[in-house]
Amino acid sequence: RQGGVQGQAQSNCYWTRNKMVKVKARELRNKTNEELMSELESLKGELAQLRVSKVTGSGNASRLPKIKAVRKGIARVLTVYNQKRKANAREEYKDKPRAIVTGHATKW
């Protein structure tokens, strides 16, 4: 089974023999920015559902440790997204003067 219960948002974790295994950052790096943002939105939705079930007490106790894994997944997706953004910015401004890159006037 992958990503949780049917009808819930897919997470970036999957289950093997009752143990949750995270998706690696190298797998996330192969995705486009749009795919990363959709993954982020689904993880945030799943985290909201888990928090609500924790507060209301309707969720079983075995799902509560999943909150930590989902939070780590959100951080992982954001890290990969920001790394891609910085790499694209570096590539775009590679041959331009430093004043344009930093936005500050340089003193010569």
Side-chain angles (χ1 to χ4, degrees):
R1 138 182 141 190
Q2 184 172 6
V5 179
Q6 183 179 358
Q8 287 184 346
Q10 288 285 335
S11 68
N12 68 341
C13 300
Y14 59 93
W15 294 84
T16 59
R17 292 191 187 208
N18 298 328
K19 183 178 178 186
M20 192 166 34
V21 180
K22 64 184 178 186
V23 172
K24 305 292 183 193
R26 65 175 164 246
E27 294 172 7
L28 292 173
R29 285 190 180 95
N30 294 331
K31 294 185 176 188
T32 64
N33 285 343
E34 291 79 21
E35 291 172 334
L36 287 173
M37 287 295 106
S38 67
E39 179 84 20
L40 181 65
E41 290 303 315
S42 68
L43 285 171
K44 285 184 176 182
E46 185 175 358
L47 181 62
Q49 288 176 351
L50 288 170
R51 285 184 174 161
V52 166
S53 67
K54 177 183 175 184
V55 170
T56 59
S58 62
N60 55 2
S62 64
R63 289 186 61 203
L64 293 181
K66 192 175 180 185
I67 292 176
K68 181 177 178 180
V70 172
R71 287 180 60 221
K72 298 279 186 180
I74 290 171
R76 194 171 290 114
V77 170
L78 284 173
T79 299
V80 170
Y81 178 74
N82 286 327
Q83 286 174 345
K84 282 184 162 194
R85 266 190 37 218
K86 286 181 180 181
N88 290 340
R90 283 188 189 108
E91 187 64 31
E92 183 179 340
Y93 291 109
K94 184 170 63 173
D95 297 328
K96 296 186 179 177
R98 185 171 184 269
I100 293 174
V101 174
T102 60
H104 300 287
T106 56
K107 296 180 181 177
W108 295 96

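Hydrophobic cluster membership is shared by Met37 and Ile74, with clusters built from Ile, Leu, Val, Met, Phe, Trp and Tyr side chains linked at under 4.5 angstrom. Val52 and Val70 are not part of a single hydrophobic cluster, where members link through side-chain heavy atoms under 4.5 Å apart.
In this structure, Ala75 has no side chain to side chain contact (heavy atoms under 4.5 Å, CB included) partners at least two apart in sequence or on a different chain. Residues satisfying the side chain to side chain contact (heavy atoms under 4.5 Å, CB included) test with Lys31, not counting sequence neighbours, are Leu28, Glu35, Leu36, Glu39.
Expressed to the nearest 0.5 Å, how far CD1 of Ile67 lies from CD of Glu46 amounts to 10.0 Å. With rounding to the nearest 0.5 angstrom, the NZ atom of Lys68 is 15.0 Å from the CG atom of Leu50. The NZ atom of Lys24 lies 14.5 Å from the CG atom of Asn30; values are rounded to the nearest 0.5 Å. In this structure, CZ on Arg90 lies 11.5 Å from CZ on Arg85, to the nearest 0.5 angstrom. Rounding to the nearest 0.5 angstrom, the gap separating the CZ atom in Arg76 from the CG atom in Leu43 is 10.0 Å.
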Assess the residue pair Tyr81 and Leu40 against the criterion (side-chain contact (heavy atoms from CB on, under 4.5 Å)); give the C-alpha distance rounded to whole Å, side-chain angles, the decisive distance to 0.1 Å, and a yes or no. CA-CA 10 Å; Tyr81 178 74; Leu40 181 65; over 6 Å; no
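For Lys84 (side chain) and Arg29 (main-chain N/O), a donor-acceptor pair under 3.5 Å exists by modelled atom type.
A salt bridge is defined here as a Lys NZ or Arg NE, NH1 or NH2 lying under 4.0 Å from an Asp or Glu carboxylate O, and Lys94 with Glu91 meets this definition.
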